[in-house]
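Beneath this line is the structure, given in structure tokens, with notes to follow.
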There are 2 protein chains.
Amino acid sequence: MARAATTSDAFNAVAEPRRRDILSYLALQERPVGDIVFTLGLEQPSVSKHLRVLRDVGLVNMRRDGRQKFYRTNAEAIRPLHEWTGEFERFWKHQLTRIKERAEETEEEKENA
Amino acid sequence: MARAATTSDAFNAVAEPRRRDILSYLALQERPVGDIVFTLGLEQPSVSKHLRVLRDVGLVNMRRDGRQKFYRTNAEAIRPLHEWTGEFERFWKHQLTRIKERAEETEEEKENA
DNA sequence: AGAATATATTCTCATATGGGAATATGTCAA
DNA sequence: TTGACATATTCCCATATGAGAATATATTCT
């Protein structure tokens, strides 16, 4: 088996830096593809391909208006990632405490030396 | 260019479901490789390879003790992902409000019909 | 030294990628 | 209908993947 498809879930889709840029850009308000191309300075086909991936995993919604298509980030789909990473919050808080403790121990050793 | 390496950053490393499983397992306390193999039911070489990726991006730390190697999740390295996804929190909260509003509008339409 | 244990690396392979270039599709206007 | 505009898809290619199998490395014990 090769690497999981980028379209297999939000984790894979979001691994691409440009897709993260697009999601950030489309979070505040919907935008037509051309705006994304212009603002992020990417090639149009590239943007279309990224949007396709994002749509497939539900990270963006699309609305057609004439010949334009307006995309917008579906923040709700990012929530699971936030929750998964949030599981580790208590650990990094503990780790900081431990690092601090270790630093204080080192200070004591210095004093004893 | 192909897809970015899994070792290029935490986002890419974490896209693999097994690596997420490993990170969760190693968050609470350090464990030797054999424990991961046994608990998660993966092949030993597979676990070693995943650990290699996780180490390369700083998501786990390693300590050797005799012939065993103890790995442990470095939660701090997950923090950037939590923070990036956290940027969208205000949007999904707004979205929920909007969905609620839309539902209420629909109720009104029903009443008017 | 030699054997057993714990972990890591190498190899092959099917598969997917993202970029670039070219082209296709869909929509509006004249 | 023809042309212009907006977006999407297809093709090619270099590159990386994860699994499996085999093998290598490192460490301890006898």
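In the text below, chain A, chain B and the rest are named by the order of the sequence lines, each starting its count at 1. Fair warning: this is a prediction, and the values are worked out from it, not measured in the lab.
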Quick one: is D:dT27 close enough that its OP1 or OP2 comes under 4.0 Å of any side-chain N or O from B:R64? yes
5' precedence on DNA chain C between A:N12 and B:F70 (nearest-nucleotide basis): B:F70
B:H50 has an atom NE2; how far is it from atom P of D:dG20, in whole Å? 10 Å
Rounded to whole Å, the CG-P distance (B:L42 to D:dG20) equals 9 Å
Across the strands shown, which category fits B:S46 at heavy-atom distances under 4.0 angstrom: base, sugar-phosphate, nothing? sugar-phosphate
Less than 4.0 angstrom between a side-chain N/O of A:K69 and OP1 or OP2 of D:dA8, yes or no? yes
Hey, does A:P32 reach any base, or is it just sugar-phosphate, or nothing, if we go heavy atoms under 4.0 Å? sugar-phosphate
So, do A:W84 and B:H82 have ring centers that fall under 6.0 Å from each other? no
Value rounded to 0.5 Å, distance of CG in B:L23 from CG in B:L54: 5.0 Å
How would you label the contact of A:R19 with the nucleic acid (heavy atoms, under 4.0 Å): base, sugar-phosphate, or nothing? sugar-phosphate
On DNA chain C, nearest-nucleotide positions of B:V47 versus A:E43: which is more 5'? B:V47
Whether B:E16 side chain and B:R18 backbone form a donor-acceptor pair below 3.5 Å: yes
Atom of B:L81, atom of B:A10 and distance for their closest heavy-atom approach: CD2-CB, 3.9 Å
Look at the side chain of B:A2 and decide which nucleotide, out of D:dG18, C:dT17, C:dC28, has an atom nearest to it. C:dT17
Using a cut-off of less than 4.0 Å, is there contact between a side-chain N or O of A:Y71 and OP1 or OP2 of D:dA8? yes
Rounded to whole Å, please give me the gap between CZ in A:F38 and P in D:dT7. 14 Å
Return the value, rounded to whole Å, for the distance between atom CG of A:L54 and atom C1' of D:dA8. 15 Å
Counting distance only, does the side-chain N/O of A:S8 pair as donor-acceptor with the main-chain N or O of A:A5 below 3.5 Å? yes
A:T6 side chain N/O closer than 4.0 Å to the phosphate oxygens (OP1, OP2) of C:dT17? yes
Please work out if B:Q68 contacts a base, only the sugar-phosphate, or nothing of the nucleic acid, heavy-atom cut-off 4.0 Å. sugar-phosphate
Is any side-chain N or O of B:R18 closer than 4.0 Å to OP1 or OP2 of D:dA19? yes
Could you tell me how far apart A:D56 (CG) and C:dA16 (C1') are, to the nearest whole angstrom? 14 Å
May I have the distance from A:Q44 (atom CD) to D:dA8 (atom P), rounded to whole angstrom? 7 Å
